[in-house]
Amino acid sequence: EMEDNHLRNTVAMLRRNAERYRWQLLQTVGSYLSSDPPDGAYDAASREEEELLIAEQDEVLRMAVPSWPDLIREAKKRGLA
């Protein structure tokens with residue numbers, strides 16, 4: 001279990017880096033789209049790309065950091081976020 005200070009710092013660090021995570025995800029999707037995927041997969045990846053472009057910070061973090069929902073839930077429970 002994380003101490004309060006560690007949890008607070010982790011949440012803050014992830015939030016500071018959310019835009020970097022967004023662009024890393026967009027690069028991955030863009031690379032996939034340029035590889036000439038099948039039509040259905042192309043459509044799904046295109047939708048994901050559009051969602052990433054307009055996503056709020058928490059949604060980007062949910063996509064990039066699998067443990068984000070648990071971290072933010074715990075931080076809120078402790079009154080840290």
Side-chain angles (χ1 to χ4, degrees):
E1 176 148 329
M2 291 179 145
E3 292 183 15
D4 286 356
N5 197 42
H6 186 205
L7 180 57
R8 185 183 304 111
N9 289 338
T10 299
V11 167
M13 183 269 309
L14 291 171
R15 285 188 168 146
R16 279 193 311 274
N17 287 293
E19 286 305 307
R20 181 172 16 163
Y21 300 142
R22 179 193 311 269
W23 293 112
Q24 288 173 342
L25 290 167
L26 283 167
Q27 286 178 328
T28 300
V29 172
S31 177
Y32 178 72
L33 288 171
S34 69
S35 71
D36 197 29
D39 288 342
Y42 184 91
D43 293 342
S46 291
R47 280 192 303 278
E48 184 173 342
E49 183 178 48
E50 290 172 17
E51 289 172 10
L52 275 166
L53 288 169
I54 62 171
E56 296 291 329
Q57 184 182 66
D58 277 354
E59 185 60 29
V60 171
L61 289 169
R62 248 183 246 108
M63 293 176 187
V65 182
S67 60
W68 176 252
D70 296 328
L71 288 169
I72 199 66
R73 185 174 25 257
E74 183 64 23
K76 285 179 180 180
K77 185 172 100 176
R78 297 185 198 183
L80 304 173

More than 12 heavy atoms of other residues, nucleotides or ligands under 6.0 Å from CZ of Arg78: is that the case? yes
With no hydrogens and no angle check, is any side-chain donor or acceptor of Arg15 less than 3.5 Å from a backbone partner on Gln57? no
Could you tell me whether the side chain of Asp58 reaches within less than 4.5 Å of the side chain of Arg62, counting heavy atoms only? yes
Return the minimal non-hydrogen interatomic distance between Val11 and Ala75, and the atom names on each side. CG2-CB, 4.2 Å
If you measure from CD on Glu59 to CH2 on Trp68, what distance do you get to the nearest 0.5 Å? 12.0 Å
Should Leu14 and Leu80 be counted in the same cluster of Ile, Leu, Val, Met, Phe, Trp and Tyr side chains packed under 4.5 Å apart? yes
Should Leu33 and Trp23 be regarded as members of a common hydrophobic cluster, given that ILVMFWY residues are connected when their side-chain heavy atoms come within less than 4.5 Å of each other, either directly or indirectly? yes
Check: Glu49 side chain, Val29 main-chain N or O, donor-acceptor pair, under 3.5 Å: no
Examine Ile72 and Met63 and state if one hydrophobic cluster contains both, with Ile, Leu, Val, Met, Phe, Trp and Tyr joined whenever side-chain heavy atoms are less than 4.5 Å apart. no
Could you grab the distance from atom CD of Glu74 to atom OG1 of Thr10, nearest 0.5 Å is fine? 12.0 Å
Would Leu26 and Val60 show up in the same hydrophobic cluster when neighbours are defined by side-chain heavy atoms closer than 4.5 Å? no
Between Arg47 and Glu50, is there a side-chain N and carboxylate O pair less than 4.0 Å apart? no
How long is the gap from CG on Leu71 to CZ on Arg8, to the nearest 0.5 Å? 14.0 Å
Which residues share a side-chain hydrogen bond (donor to acceptor under 3.5 Å, both in side chains) with Asp36, sequence neighbours left out: none
Quick one: closest heavy-atom pair of Ala64 and Pro66, and the distance? O-CD, 3.6 Å
Can you tell me if Arg22 uses its side chain to pair, donor with acceptor, with the backbone of Leu52 under 3.5 Å? yes
Value for CE (Met13) from NE2 (His6), rounded to nearest 0.5 Å, stands at 8.0 Å
Say whether, by atom type as modelled, one donor and one acceptor occur between the side chain of Ser31 and the main chain of Gln27 under 3.5 angstrom. no
